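To start, the structure under review is shown below, and the notes come after it.
Worth saying up front: this structure is predicted, and the values here are computed from it rather than measured.
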Amino acid sequence: MTERLQKILAGAGIASRRKSEELIVEGRVTVNGAVVTELGTKADPESDHIKVDGRLIRPSGRLVYLALNKPDNVVSTASDPQGRETVLDFLPGIRERVYPVGRLDYHSTGLILLTNDGDFANAVTAARSHVPKTYLVKSKGQLTPEEEQEFRTGIPLSGQRTAPAGLRLIRRGDNPWYEVRLFEGRNQQIRIMFKHFGHLVEKLRRVRIGALELGSLKPGEFRHLTPEEVRKLMRMARGDAGRRESSAKR
């Protein structure tokens, strides 16, 4: 049975469907020895020889969903040209080819998901899904009440105002701790938002994605998501559960 090539790559755990489309356009995918660059191309994963960067892919029948507590000084990619540790280095015993769902920057820690289900990854990371991500942030210096309000309503960032965000001071002091809830995921957004007010972020840990908690996972530890956890995340991503949760708590 033929399927779109990007769907086959995503189902095989090569990358998300969006990233798989980029691989095709870049000419890194071949079908039966011929380079394919057309996004509408279809192939049969059972009979056609499909390669990415010269490596034959074998579609996996088992879908895997993992939660990892990402340590500091680890990149949230499947590989790193500089040879640094990646999140995949912390998955002993996982034979399926999984990849990260979204990213945490190099010095940020906490909850990150990994999967070989492209539809799941796209649903959770899509901007339209509004799945909230919750972080604990230690800042050098405390925001004023006026700055807190501006943080919540949005600041200019790369020519576009940030979406409304949740912000709660949970520990006062010269280096206070905040709980931050985001509904979008721009590169290093929280660090840039605090820097906008003249404060550097000392520590940043993601503790929740939707209703999924980091829990007792220690840095470098992972666990499989339960089927119910996967269903809840998909329901939130495809519906308005995230917006209802935000309205109820803020």
Side-chain angles (χ1 to χ4, degrees), residues 16-19 22 70 72 74-77 87 100-113 120-214 232-250:
S16 68
R17 193 172 300 188
R18 184 179 303 171
K19 180 62 178 177
E22 294 177 10
K70 175 192 163 310
D72 192 6
V74 172
V75 292
S76 300
T77 55
V87 287
V101 179
R103 293 189 178 184
L104 283 172
D105 65 56
Y106 189 61
H107 290 299
S108 296
T109 65
L111 181 60
I112 188 167
L113 304 179
F120 174 83
N122 285 337
V124 173
T125 57
R128 65 182 179 275
S129 71
H130 294 281
V131 174
K133 282 85 172 178
T134 305
Y135 305 78
L136 296 182
V137 182
K138 185 179 182 181
S139 167
K140 284 190 175 181
Q142 188 166 317
L143 300 172
T144 67
E146 293 76 19
E147 290 171 340
E148 288 186 3
Q149 185 57 29
E150 186 179 352
F151 190 106
R152 294 186 184 101
T153 55
I155 67 165
L157 178 58
S158 301
Q160 183 179 2
R161 186 168 293 276
T162 58
L167 177 72
R168 183 167 64 94
L169 178 64
I170 57 177
R171 185 184 301 172
R172 297 182 180 275
D174 295 333
N175 299 304
W177 283 87
Y178 292 90
E179 180 188 82
V180 177
R181 182 180 286 112
L182 295 184
F183 292 87
E184 59 182 349
R186 301 201 223 174
N187 186 36
Q188 297 199 4
Q189 180 174 337
I190 292 177
R191 296 180 188 275
I192 293 172
M193 291 179 76
F194 273 91
K195 190 175 181 180
H196 174 79
F197 300 108
H199 302 297
L200 296 178
V201 168
E202 285 192 333
K203 294 182 180 181
L204 192 156
R205 182 168 75 253
R206 184 157 63 194
V207 295
R208 189 180 306 116
I209 297 175
L212 183 68
E213 302 272 358
L214 176 63
K232 283 183 177 179
L233 280 170
M234 288 297 286
R235 283 199 299 267
M236 179 173 285
R238 290 173 172 170
D240 62 351
R243 292 183 284 280
R244 289 200 301 269
E245 178 188 83
S246 175
S247 299
K249 294 186 177 181
R250 287 288 181 270

Report task. Could you tell me which residues satisfy ring-ring contact (aromatic ring centres under 6.0 Å, His included) with F197, sequence neighbours excluded, listed by chain and number? Result ->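 ring-ring contact (aromatic ring centres under 6.0 Å, His included) list for F197, sorted by chain: empty.
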
Query raised in the report: Residues in ring-ring contact (aromatic ring centres under 6.0 Å, His included) with Y135, at least two apart?
Result: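 ring-ring contact (aromatic ring centres under 6.0 Å, His included) check on Y135 returns nothing, list empty.
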
Do [X] and [Y] come close enough that some side-chain heavy atom pair is under 4.5 Å?
| X | Y | value |
| --- | --- | --- |
| R206 | I209 | yes |
| V207 | L111 | no |
| V87 | V75 | no |
| I192 | T162 | no |
| H199 | L143 | yes |
| Y106 | V74 | no |
| F194 | V137 | yes |
| E179 | T134 | yes |

Report task. Indicate, with yes or no, if the rings of Y178 and F151 have centres closer together than 6.0 Å. Result -> no

Requested in this report: Taking salt bridge (charged side-chain N to carboxylate O under 4.0 Å, His left out) as the test, write out the residues that go with R17, two or more places apart.
Outcome: D119

Report summary line: Taken in chain and number order and not counting sequence neighbours, the residues that satisfy salt bridge (charged side-chain N to carboxylate O under 4.0 Å, His left out) with K138 are E202

Tell me whether [X] contacts the main-chain N or O of [Y] through its side chain, where contact means a donor paired with an acceptor under 3.5 Å.
| X | Y | value |
| --- | --- | --- |
| E150 | E147 | no |
| R152 | L167 | yes |
| T153 | Q149 | yes |

Report summary line: So salt bridge (charged side-chain N to carboxylate O under 4.0 Å, His left out) across residues 184-193, not counting sequence neighbours, yields D105-R191, E184-R186

From [X] [atom1] over to [Y] [atom2], what is the distance, rounded to the nearest 0.5 angstrom?
| X | Y | atom1 | atom2 | value |
| --- | --- | --- | --- | --- |
| L204 | Q188 | CG | CD | 9.5 Å |
| E146 | E148 | CD | CD | 9.0 Å |
| K195 | I190 | NZ | CD1 | 15.5 Å |

Who are the side chain to side chain contact (heavy atoms under 4.5 Å, CB included) partners of [X], not counting sequence neighbours?
| X | result |
| --- | --- |
| P156 | R161, H196 |
| S158 | none |
| R172 | Q142, L169 |
| T109 | D72, R205 |

Query raised in the report: Taking only residues two or more places apart in sequence or in another chain, which ones pass side-chain hydrogen bond (donor to acceptor under 3.5 Å, both in side chains) with E213?
Result: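 Applying side-chain hydrogen bond (donor to acceptor under 3.5 Å, both in side chains) to E213 gives R208.
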
Report task. For E22, enumerate each residue passing the side-chain hydrogen bond (donor to acceptor under 3.5 Å, both in side chains) test, keeping only those at least two apart in sequence or located in another chain. Result ->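 For E22 the side-chain hydrogen bond (donor to acceptor under 3.5 Å, both in side chains) partners, ignoring immediate neighbours, are K19.
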
Grab the two heavy atoms, one from [X] and one from [Y], that are nearest each other, plus how far apart they are.
| X | Y | answer |
| --- | --- | --- |
| P100 | I112 | CB-CD1, 4.1 Å |
| S108 | K70 | O-NZ, 2.6 Å |
| L182 | A165 | CD2-CB, 3.8 Å |

